[in-house]
Peer 1: 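My structure is below; once you've seen it, I'll send some questions.
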Amino acid sequence: MDFTYDDEQQALRESVRGLLATAYADHDARRRTVADDPGFDEKMWSRLAEMGILGLPFSEADGGVGAGPVEIGIVCQEIGRVLAPEPYLASVVHAGGLVAACGTPEQKADMLGRLSAGEIVLAAADTSPGGRWSSANDGVRASLDGDAWTLTGVADPVVAGARADLLVATAALPDGGTGLFLVSPDDVQRTGYATADLTRAATVTFDGSAATPLGTPGRDLSASIAIISDLTRIMGANQALGVMQAQVRATTAYLTSRKQFGVTLNTFQALTFRAADMYVSLEMAQSMVDWATMTIAGGDPAVVADAADRVGLTVGRSGRHIGQEAIQLHGGIAMTAEYAVGVGTAHLEVLEQWLGNRSHHLSRLAARVGEHETVDAV
Amino acid sequence: MDFTYDDEQQALRESVRGLLATAYADHDARRRTVADDPGFDEKMWSRLAEMGILGLPFSEADGGVGAGPVEIGIVCQEIGRVLAPEPYLASVVHAGGLVAACGTPEQKADMLGRLSAGEIVLAAADTSPGGRWSSANDGVRASLDGDAWTLTGVADPVVAGARADLLVATAALPDGGTGLFLVSPDDVQRTGYATADLTRAATVTFDGSAATPLGTPGRDLSASIAIISDLTRIMGANQALGVMQAQVRATTAYLTSRKQFGVTLNTFQALTFRAADMYVSLEMAQSMVDWATMTIAGGDPAVVADAADRVGLTVGRSGRHIGQEAIQLHGGIAMTAEYAVGVGTAHLEVLEQWLGNRSHHLSRLAARVGEHETVDAV
Amino acid sequence: MQLELSPTDADFRMRMREFFTSQVPQEIRDTVLEGRHLTHDQIVESQRVLNAEGLAVPHWPTEWGGQDWTELQRHLWHEEMQRAGVPLPLAFNASMIGPVLAQFGSQEQKKRFLPATANLDIWWSQGFSEPDAGSDLASLRTSAVRDGDDWVVNGQKTWTTLGQYGDWIFTLVRTDPEVKKQAGISMLLIDMTSPGVEVRPIELIDGGHEVNEVWFSDVRVPGDLLVGEPGQGWTIAKFLLGNERVGVAPVGATKRALARLKVEAADQLDDPLVRARVAELENDLLALELTALRVVAHSSDGAPHPASSILKLRGSELQQAVSELALDLAGPASLAARADDDSPQAGWARRAAPTYLNLRKASIYGGSNEVQRQIISRTILGL
Amino acid sequence: MQLELSPTDADFRMRMREFFTSQVPQEIRDTVLEGRHLTHDQIVESQRVLNAEGLAVPHWPTEWGGQDWTELQRHLWHEEMQRAGVPLPLAFNASMIGPVLAQFGSQEQKKRFLPATANLDIWWSQGFSEPDAGSDLASLRTSAVRDGDDWVVNGQKTWTTLGQYGDWIFTLVRTDPEVKKQAGISMLLIDMTSPGVEVRPIELIDGGHEVNEVWFSDVRVPGDLLVGEPGQGWTIAKFLLGNERVGVAPVGATKRALARLKVEAADQLDDPLVRARVAELENDLLALELTALRVVAHSSDGAPHPASSILKLRGSELQQAVSELALDLAGPASLAARADDDSPQAGWARRAAPTYLNLRKASIYGGSNEVQRQIISRTILGL
């Protein structure tokens with residue numbers, strides 16, 4: 001049992017942090033970047049590719065680096081820390097993960113190689129309007145005519161969907177189950193928009209759109225889709241952890257520097273005690289994130305699904321607590337788009353509602369309390 | 001609309017407060033009184049009778065005073081304020097209420113007259129072991145042989161049951177529904193015990209015990225039993241309010257007098273802010289208690305049942321909050337039986353679990369959220 | 001003690017309800033009820049409808065358009081507006097500068113400003129907070145220096161809500177830097193079209209333009225636009241902030257928001273955990289509404305009841321909690337925050353995240369919840 | 001990073017589990033698992049079983065019966081005891097005075113006391129708190145005055161847990177009233193059978209007799225029972241309180257309590273709201289357990305990790321929350337708190353209210369949660 005990073009992991013963290021800091025340590029730079037489409041910095045995307053970050057999750061055979069979940073988690077934490085807008089989670093972890101899990105060897109080599117090289121952006125279209133974190137996606141249906149597949153229906157929100165060079169779409173199969181398809185943006189109608197934190201997403205309308213099955217045509221891939229969703233949730237929790245760490249740090253810095261009534265705010269015990277409670281929330285979140293990330297290596301989908309729910313619940317609650325208190329303890333300034341703290345709170349919400357909110361995870365966990373005696377860490 | 005007491009109500013409050021203060025303002029006196037059975041002061045019971053307090057709820061025809069719910073609520077608040085151990089709620093409000101609601105004119109005149117005069121103590125036996133606030137009491141069954149009724153089963157907890165001169169018992173009727181019966185303590189087996197706050201209750205075992213139907217024999221009285229339970233809940237909430245008022249007052253007094261590190265505790269903002277939150281809880285509870293008490297006059301059982309759930313939820317939550325914080329802000333001293341604050345917290349718990357806890361009320365309210373658009377005060 | 005409204009008050013309430021639901025344009029009320037943003041013109045139009053009926057500034061002196069109502073009637077008026085989705089009369093006009101001018105203004109100032117203020121012919125902005133004077137208002141640094149009959153103003157105000165619409169701004173300025181903090185402050189009325197006044201938008205985290213910075217560079221203000229006496233600004237400010245009591249807890253609006261949410265997300269009400277959250281909130285709102293009624297019942301004219309801090313505290317907490325529930329019920333649809341109306345996601349769900357973020361302000365602005373707790377612990381509890 | 005235990009540690013854990021579940025009497029373990037009160041003799045018996053196997057005081061120096069374990073192994077030992085319902089070695093002996101004597105005691109003191117302390121042949125009590133010196137311990141007033149080779153002690157200690165069983169008491173006393181607060185304090189070991197020592201019970205709100213007042217009237221204490229140097233008491237006390245870290249969060253015990261509750265109140269698990277409360281608590285306990293493991297992993301010998309304050313804070317909160325759930329699930333049956341075993345109400349339900357009330361102490365004793373928040377905000381956050 002070991003909760004520490006090894007030297008290589010430390011080095012990875014430092015280099016990612018260094019790269020992202022040059023770009024986004026100043027929140028104004030993030031603000032300028034997200035002001036215009038595509039909502040991130042294409043050059044940064046290339047640099048991440050050059051550093052091997054985009055290929056981290058994929059096997060060397062597919063053009064990737066073949067790193068483990070801990071490394072990917074490190075990247076996501078660093079992204080969260082400065083609110084870097086690059087669509088790593090959506091494009092690499094989620095959409096790339098689907099390709100890696102379900103693609104044919106040719107599809108994997110082709111797409112993951114180009115993704116790792118920063119040549120393409122992928123987006124997963126797996127949710128219909130009003131949908132709520134289900135691996136089935138009843139709003140999009142696949143049809144087979146001869147050996148030509150087409151999709152019809154609407155996916156929304158598709159994170160990074162407006163910029164994506166290729167869509168990885170889930171759709172209900174004619175004979176039941178859910179399949180995965182590659183769809184060219186040219187064959188759909190896309191309307192991009194910004195989320196509350198200025199992440200980019202899109203409405204994607206399929207209307208008899210030509211689609212290439214990912215992997216074996218016609219096979220129900222629900223189980224794999226669920227696994228990748230759970231991995232994405234855990235990596236999203238890593239990203240949220242990075243945000244929360246930055247918020248706690250910013251809050252303590254503010255309390256020790258901002259003056260009211262002639263003294264710094266840390267003179268007021270009611271505020272410092274609340275900062276202490278934020279820190280407690282942060283540590284609990286950190287523990288769950290580390291744990292959930294480590295469960296992935298075990299390779300048992302049921303364990304990982306359980307871990308995703310558990311970290312989703314804890315991080316969801318910590319995120320609300322820390323995000324809300326960070327704004328409150330800063331006061332008005334954190335209400336402004338000019339300041340990273342409030343935008344971080346928006347980002348926490350977007351992550352949570354995108355990947356599964358705490359109510360969702362709580363309901364799932366509550367349904368299972370009768371199935372075990374205790375919940376044990378190891 | 002008027003949230004204030006009229007002159008007579010003010011006078012009632014002052015006189016009850018005066019009487020109870022002479023006995024219990026010093027918590028040691030309460031402690032001595034509850035140390036021995038019957039767990040209250042028989043002389044105080046007589047004095048309450050002399051002042052007309054025991055007869056407050058009952059019509060003048062039945063030997064009572066014919067006062068309204070606001071007056072009864074005032075008495076309960078004052079009882080709560082000093083943790084007076086006399087079984088007013090159990091004997092007068094609950095058991096007496098059942099007799100007043102369901103008894104024949106003769107039964108009422110006889111029993112309520114004697115109750116008002118302080119000559120007898122009644123107790124309601126309406127809950128079976130493991131039972132949870134249902135007006136049905138499946139653990140006790142009534143049988144009819146000729147025109148002789150008998151009861152068999154166990155009731156527990158029966159508050160004031162060991163001291164009671166007569167038991168008012170609910171029991172499942174042979175043809176369905178729930179009836180009410182008067183049972184002499186001589187015909188049952190009783191085992192008295194103390195609750196956590198040293199209130200007295202008992203296990204009552206009926207074993208073919210002779211029983212006299214209250215009111216018309218064999219009639220299902222579920223509706224009336226439920227109404228009286230709801231009235232008792234609202235009066236219990238009044239009593240809890242009195243406890244909470246005393247706890248907030250004690251806490252503020254302690255914070256301004258107790259020194260640590262050379263200064264009084266109110267120097268520590270983290271503590272004074274928590275006291276402020278206690279006060280907010282108290283005010284919310286007060287509002288709900290006043291409101292629920294006033295709904296009784298309207299006479300609509302559905303409205304009163306709803307009010308009982310609402311005040312039960314709010315007071316349950318306020319009671320936890322204030323009771324727990326009162327102990328925490330006092331520190332160790334409030335953990336001792338010598339100090340009223342901790343005992344008050346025990347009393348709040350006993351009231352809540354006896355009459356219906358907040359989880360119970362929340363579940364009932366949650367089941368009804370679809371039945372209205374908004375919840376309006378008037 | 002008695003729960004029912006008197007026949008007079010019940011009639012009064014019905015009259016308000018009828019007027020608000022029949023005379024204020026449906027489109028404006030729908031905008032409010034659905035949580036969409038009101039335009040400048042909608043706010044103006046609505047207030048003029050009210051003012052024509054004498055319902056815009058009922059708490060002003062009758063001489064200047066007020067109504068001789070009881071506290072309870074004012075409360076009912078206020079609640080019925082929220083219930084019907086009527087925009088509340090602009091607080092800067094109706095609750096802030098209006099009462100101040102009626103109390104402290106010269107007869108000339110009253111004549112010049114009060115009717116136009118009631119009718120929203122003048123849109124007032126508030127110039128109190130500064131970057132280094134928020135909760136600690138007395139530290140303000142914007143200066144006004146005598147020059148002949150005029151004052152010359154320099155400095156910066158911030159958090160000026162809807163300042164982009166402002167015609168005039170009432171400001172606290174330091175007219176005497178020599179005396180102790182509070183004593184050197186005065187209130188000046190400044191025409192925002194004056195040379196040297198600049199309004200800069202502050203973008204908020206919900207993407208909205210709701211607050212502004214206002215900069216004053218050698219702005220020349222005629223001497224007759226000082227309210228009361230020089231140095232009386234602190235007294236006037238305390239009077240003004242005390243008047244915020246009316247309408248301090250948005251009970252009615254929060255109730256409507258929750259009621260709408262129950263309809264909009266009706267399919268999720270099958271979930272017992274959702275129902276429990278709704279039930280808790282409904283109960284908390286009832287407790288708050290009843291507390292507001294108790295405060296109203298105990299208020300004597302003028303002095304704000306100290307319990308109004310409770311209303312502010314709980315009111316903001318519940319407003320925020322309802323917005324948080326909406327966000328959770330919206331789920332992934334809440335990502336479509338800045339999608340346009342062609343979005344396939346429901347409007348309420350698209351508005352959930354910006355509303356949630358925007359309402360974080362409720363516990364910060366207008367006396368933060370920390371300030372309210374301080375008032376409660378000091379003034380009420382004597383700590 | 002790696003989740004699994006190493007084979008060595010996994011073996012270690014299994015060995016602990018086997019020993020605890022096979023060698024410590026079932027009756028004692030059932031008493032713990034069901035939340036009933038242990039007798040004096042049960043506590044002694046259990047500790048002697050552990051001590052015979054070298055498992056009573058593993059964190060002591062090996063010379064005095066300790067084991068050369070890693071922090072993780074100590075953690076596993078501690079968790080497995082809780083899991084099996086083994087009473088933890090008496091804290092006053094194993095975690096407090098034992099390590100103090102090993103560190104600060106004379107060789108004579110060590111020989112005289114340590115073996116008997118490990119085996120619970122001597123039952124130690126703690127004499128630190130006084131009526132006016134709780135969180136502010138340095139204000140203590142119990143005095144020890146030199147008289148020849150002896151010290152004469154006068155004063156009062158309070159909150160002395162299980163003092164009714166105490167053979168000896170380790171006390172903080174003021175030996176020099178002239179110097180500044182902390183500098184005048186020393187630690188004395190006092191035989192509780194000495195003339196002038198009086199133990200008076202304090203009844204708690206759960207009806208239990210768990211804490212006491214201890215009065216000293218001209219109690220004569222031989223000079224060789226002073227630990228370390230005169231005036232070193234404050235240093236020793238800080239060392240002692242730092243050692244409280246081990247076992248600071250009763251994670252295992254709270255997990256067992258929740259697991260038992262799920263069985264005992266199984267019929268109520270049909271209620272989705274109950275299930276949700278259980279799921280939240282299980283998750284919070286997992287987060288706490290993981291945090292404890294992280295702290296263990298990062299602890300270097302000796303110095304307590306500042307994050308141990310987090311463990312104390314959350315540990316007490318969750319312990320209290322589980323007891324609160326038990327109370328709610330017990331419902332009316334919880335009224336039978338002081339009924340005897342003939343009661344028709346289930347034992348767990350009868351114990352629910354006293355346990356709930358008793359555990360309010362968890363956030364007060366051993367460094368209140370306010371003190372923990374202060375440590376976190378100052379030491380960790382630098383506020």
Peer 1: Between D/Ala353 and B/Ala196, what is the shortest heavy-atom contact and its length?
Peer 2: CB-CB, 4.0 Å

Peer 1: CG/D/Leu137 to CZ/B/Phe261 distance, rounded to the nearest 0.5 angstrom?
Peer 2: 9.0 Å

Peer 1: Less than 4.5 Å to any heavy atom of chain B: does that hold for the side chain of D/Pro131, its backbone, both, or neither?
Peer 2: backbone

Peer 1: With rounding to the nearest 0.5 Å, note down the distance linking OH in B/Tyr193 to CD in D/Gln345.
Peer 2: 6.0 Å

Peer 1: Got a second to check how far D/Leu327's CG is from B/Gln353's CD, nearest 0.5 Å?
Peer 2: 4.0 Å

Peer 1: Tell me whether D/Arg36 at atom CZ has more than 12 heavy atoms from other residues, nucleotides or ligands lying less than 6.0 Å away.
Peer 2: yes

Peer 1: Quick one: what part of B/Val154 sits under 4.5 Å from any heavy atom of chain D, side chain, backbone, both or neither?
Peer 2: side chain

Peer 1: Just wondering, more than 12 heavy atoms not from D/Arg141 lying within 6.0 Å of its CZ?
Peer 2: no

Peer 1: Looking at side-chain heavy atoms only, is the closest gap between B/Thr203 and D/Asp342 below 4.5 Å?
Peer 2: no

Peer 1: Just so I understand: if I count every heavy-atom pair under 4.5 Å between each of D/Asp340, D/Leu335, D/Asn369 and chain B, which residue has the most?
Peer 2: D/Leu335

Peer 1: What salt bridge (charged side-chain N to carboxylate O under 4.0 Å, His left out) pairs are there with at least one residue in residues 352-364 of chain D, not counting sequence neighbours?
Peer 2: D/Glu210-D/Lys361

Peer 1: Contact part of D/Ser334 toward chain B, heavy-atom cut-off under 4.5 Å: side chain, backbone, both or neither?
Peer 2: side chain

Peer 1: Can you confirm whether more than 12 heavy atoms, excluding those of D/His209, are under 6.0 Å from its NE2 atom?
Peer 2: yes

Peer 1: Looking at D/Pro344, D/Ala333, D/Ala138, D/Ala349, which makes the most heavy-atom pairs under 4.5 Å with chain B?
Peer 2: D/Pro344

Peer 1: Would you say the side-chain atoms of D/Asp132 and B/Gln260 include a donor-acceptor pair closer than 3.5 Å?
Peer 2: no

Peer 1: So if I take each residue of residues 330-337 of chain B and look for any heavy atom under 4.5 Å from a heavy atom in chain D, which residues do I end up with?
Peer 2: B/Gly331, B/Gly332, B/Ile333, B/Ala334, B/Met335, B/Thr336, B/Ala337

Peer 1: Using heavy-atom distances under 4.5 Å, tell me whether D/Asp206 contacts chain B through its side chain, its backbone, both, or neither.
Peer 2: neither

Peer 1: Could you tell me which portion of B/Arg200 (side chain, backbone, both or neither) has an atom closer than 4.5 angstrom to a non-hydrogen atom of chain D?
Peer 2: neither

Peer 1: If the contact rule is any heavy atom under 4.5 Å from chain D, which residues of residues 317-326 of chain B qualify, in numerical order?
Peer 2: B/Arg320, B/Gln324

Peer 1: Measuring heavy-atom distances to chain B, does D/Gln374 have an atom under 4.5 Å in its side chain, in its backbone, in both, or in neither?
Peer 2: neither

Peer 1: Is D/Ala330 close to chain B through its backbone or its side chain, or both, or neither, when contacts mean heavy atoms under 4.5 Å?
Peer 2: backbone

Peer 1: Identify the heavy atoms of D/Pro332 and B/Thr127 that sit nearest to each other, and give their distance.
Peer 2: CB-CG2, 4.3 Å

Peer 1: What do you reckon, is CZ of B/Arg141 surrounded by more than 12 foreign heavy atoms closer than 6.0 Å?
Peer 2: no

Peer 1: Tell me whether B/Glu338 contacts the main-chain N or O of D/Ile202 through its side chain, where contact means a donor paired with an acceptor under 3.5 Å.
Peer 2: no

Peer 1: With chain B as the partner, which of D/Val274, D/Val211, D/Leu329 has the greatest number of non-hydrogen pairs under 4.5 Å?
Peer 2: D/Leu329

Peer 1: What part of D/Arg373 is in contact with chain B, defined as an atom under 4.5 angstrom from a non-hydrogen atom: side chain, backbone, both or neither?
Peer 2: side chain

Peer 1: Rounded to the nearest 0.5 Å, what separation is found between the CD atom of D/Glu324 and the CD atom of B/Glu349?
Peer 2: 7.0 Å

Peer 1: Name the region of B/Ala270, side chain, backbone, both or neither, that has any atom closer than 4.5 Å to a heavy atom of chain D.
Peer 2: neither

Peer 1: Tell me, for D/Leu273 versus chain B, whether the close heavy atoms (under 4.5 Å) come from the side chain, the backbone, both or neither.
Peer 2: side chain

Peer 1: Which residues, numbered in order, of residues 354-366 of chain B come under 4.5 angstrom of chain D by heavy-atom distance?
Peer 2: B/Trp354, B/Asn357, B/Arg358, B/Ser359, B/Leu362, B/Ser363

Peer 1: Less than 4.5 Å to any heavy atom of chain D: does that hold for the side chain of B/Ala194, its backbone, both, or neither?
Peer 2: both

